[in-house]
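Residue numbering restarts at 1 for every chain, and letters A, B, ... go by the order of the sequence lines. As the structure is a prediction and not an experimental result, all values here were calculated from the model.
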2 protein chains.
Amino acid sequence: MALQHAVLATLLDHEYSGYQLAKIFDIGVANFWHALPQQLYAELGKLEQAGLIRGRRVIQHDRPNKRVYTVTELGMAELERFTAAEAKPSFFRDDLLVKVYAADRTDAVTVMAQLTERAEQAKSKIALFDDILMRLRDGRDEQEFLRHGSRVGPYLTCLLGRSLEKEYHDWCLRCAELLGTREGVRDDA
Amino acid sequence: MALQHAVLATLLDHEYSGYQLAKIFDIGVANFWHALPQQLYAELGKLEQAGLIRGRRVIQHDRPNKRVYTVTELGMAELERFTAAEAKPSFFRDDLLVKVYAADRTDAVTVMAQLTERAEQAKSKIALFDDILMRLRDGRDEQEFLRHGSRVGPYLTCLLGRSLEKEYHDWCLRCAELLGTREGVRDDA
DNA sequence: TGAGATTAGTCAACTTTCTGACTAGGAGGT
DNA sequence: ACCTCCTAGTCAGAAAGTTGACTAATCTCA
């Protein structure tokens, strides 16, 4: 179970409330994990009970009060234990891939449409990553920042997210085009 | 739930037994999905009950008998329905990313070791993909095969798998090197 | 002849994740 | 005054995925 560790890692930079975490894990800006609000609230409860994070009530006057969390010493120790432990094999799951796999037996035209749409989404995600990367660099040169910046972890994971999204984008367009030419061929027959 | 559809898509090319599917979904040669044997046997049971696949007992003399499955008309209809329906957002989960995210607060040396090891794994996975791609092409030129081959779906998903693995590989090495130079910097201090 | 690997499949218990409905206060517009 | 959106969080139940132990036949090698 590593949602726990993903939460701990996120809380390294900032104190966040469940609601804020929910947004981070929802859009997947964090990019390496995804979770629903309900899961996060539950996880925060368990983490606090276990003493890995500490919650603090924040009174707000313009909106409902909230509870924000920070990582404790124990939490840091747990993160270190996790880092040293063997990683579970990563996995990637995607409906669209299943559709492409079957595309020449189902409906290639529908799949093409979904591929081009997904390419668009990938494009805006790349733009979002570029935005985040720029903000993390905060004016510094990338080489300089990576060598001497104090917190490069989030930058590195963002770089990977961007690369993968770029590959995915190009692949979508290539597939869509290809399925198009094949459809064309079939129409001739 | 799309394990169901991943199974249907896999059975398009061949009839397979639960045991064979388990191996395909285990190593993730299928690459777009992963599942344990227990899940697959359960899923095959449900799919057959629902009439989406049909099982056939195969008597073997050199080893235990088995039951192999093929997609029915109803199953094809379901795949088409799935193809037309909206795709769930894809996701990618990875312990190593969580570790890198936190690396400059935990143990960069351990993470570096894991990055180089993972790079090696990515390399052999790429080799495996190249192998599969070559077998799918079966001597034909890629352009030619993609334009006129009868079954390009599996080839296309394999191409994506290869691209993503390549990016992941390069990123691992880049991160490991970078964390190394930073560690060096810290040692000087 | 016997041990160990491979093929083939099953059962039960558990954890994790997802679906959907719900409370509650304040902000902003009409 | 009302309606809707946003912030903040909770609860219950179902589905999906994981862990671990188990049966049973056949093949290989010593």
Side-chain angles (χ1 to χ4, degrees), chain A residues 1-7 15-28 30 32-50 53 55-69 85-95 98, chain B residues 1-8 15-28 30 32-50 53 55-69 82 85-95 98:
Chain A
M1 199 246 320
L3 169 56
Q4 199 181 105
H5 303 107
V7 170
E15 49 179 23
Y16 288 115
S17 67
Y19 189 78
Q20 290 174 291
L21 283 173
K23 286 203 290 187
I24 293 170
F25 280 75
D26 175 39
I27 21 176
F32 52 70
W33 215 270
H34 166 265
L36 297 168
Q38 294 92 323
Q39 266 175 281
L40 288 164
Y41 286 116
E43 205 58 51
L44 287 170
K46 280 187 238 164
L47 282 168
E48 189 171 22
Q49 279 244 312
I53 58 175
R56 184 170 70 81
R57 189 172 181 70
V58 174
I59 310 290
Q60 297 182 116
H61 298 290
D62 52 337
R63 62 189 74 177
N65 298 329
K66 65 181 174 182
R67 195 170 172 74
V68 297
Y69 299 89
E86 212 186 338
K88 288 195 188 163
S90 67
F91 69 85
F92 177 60
R93 261 178 202 183
D94 194 335
D95 280 11
V98 177
Chain B
M1 199 242 323
L3 169 57
Q4 200 183 105
H5 303 106
V7 170
L8 287 174
E15 48 179 22
Y16 288 116
S17 67
Y19 189 77
Q20 290 173 292
L21 283 173
K23 286 204 289 188
I24 294 170
F25 280 76
D26 175 40
I27 22 177
F32 52 70
W33 216 271
H34 166 266
L36 296 170
Q38 293 92 325
Q39 266 176 283
L40 288 163
Y41 285 115
E43 204 59 48
L44 288 169
K46 279 186 241 165
L47 282 168
E48 190 171 21
Q49 278 245 313
I53 58 176
R56 183 171 70 83
R57 189 172 182 71
V58 175
I59 310 290
Q60 298 182 115
H61 300 289
D62 52 338
R63 64 189 71 176
N65 298 330
K66 65 181 175 182
R67 194 170 172 75
V68 297
Y69 298 89
F82 167 75
E86 211 187 337
K88 287 195 190 167
S90 67
F91 71 85
F92 178 60
R93 258 175 206 187
D94 194 335
D95 280 10
V98 177

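- At a threshold of 4.5 Å between non-hydrogen side-chain atoms, the residues A:Leu44 and A:Tyr69 count as touching.
- The closest side-chain heavy-atom distance from A:Trp33 to B:Arg93 is below 4.5 Å.
- Remark: A:Glu86 CD is loosely packed, at most 12 non-hydrogen atoms of other residues, nucleotides or ligands lying under 6.0 Å away.
- Axis angle across the helix from C:dT1-D:dA30 to C:dT30-D:dA1, with five pairs used at each end and values rounded to 10°: 30°.
- Across all strands shown, B:Arg93 has heavy atoms under 4.0 Å from sugar-phosphate atoms exclusively, and none from any base.
- The distance from atom CZ of A:Phe25 to atom P of C:dT17 is 11 Å, rounded to the nearest whole Å.
- Under the 4.5 Å side-chain criterion, counting only non-hydrogen atoms from C-beta, A:Leu40 is in contact with A:Leu3.
- Using a 4.0 Å heavy-atom distance criterion, B:Gln39 is classed as a base contact.
- The outermost nucleotides of DNA chain D lying under 4.0 Å from heavy atoms of chain A, listed 5' to 3', are D:dT7 to D:dG17.
- You'll find the ring centres of B:Phe25 and B:His34 outside the 6.0 Å limit.
- Between B:Lys66 and B:Gln20 there is a side-chain heavy-atom pair separated by less than 4.5 Å.
- With a 4.5 Å cut-off on side-chain heavy atoms, A:Leu36 and A:Asp26 do not count as touching.
- In this structure, B:Tyr41 places its OH atom 17 Å from P of C:dA12, rounding to the nearest Å.
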Produce the list of close N/O pairs, under 3.5 Å, pairing protein atoms with atoms of nucleotides 2-7 of chain C; give distances to one decimal.
| residue | atom | partner | partner atom | Å |
| --- | --- | --- | --- | --- |
| C:dT7 | OP2 | B:Tyr19 | OH | 3.3 |

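- Residues B:Leu3 and A:Val68 both approach DNA chain D. Their nearest nucleotides, taken by heavy-atom distance, put A:Val68 toward the 5′ side.
- Rounded to whole Å, the distance from CD on A:Glu43 to P on C:dT17 is 8 Å.
- A 4.5 Å side-chain heavy-atom check between B:Asp94 and B:Phe92 finds at least one atom pair inside the cut-off.
- Regarding A:Leu40, its CG atom lies at a distance of 14 Å from the P atom of C:dT16, rounded to whole Å.
- Distances shown here put every side-chain N or O of B:Lys88 at or beyond 4.0 Å from the OP1 or OP2 atom of C:dT17.
- A salt bridge links B:Arg67 to B:Glu48: at least one charged side-chain nitrogen sits closer than 4.0 Å to a carboxylate oxygen.
- Taking the nucleotide of DNA chain C with the nearest heavy atom to each of A:Asp62 and B:Pro37, the more 5' of the two is matched to B:Pro37.
- Looking at B:Ile53 and B:Val7, their side chains never come closer than 4.5 Å, going by heavy atoms from C-beta outward.
- Taking the six-membered ring where tryptophan is involved, the planes of B:Phe82 and B:His5 are essentially parallel, since the angle between them stays under 30° and well short of 60°.
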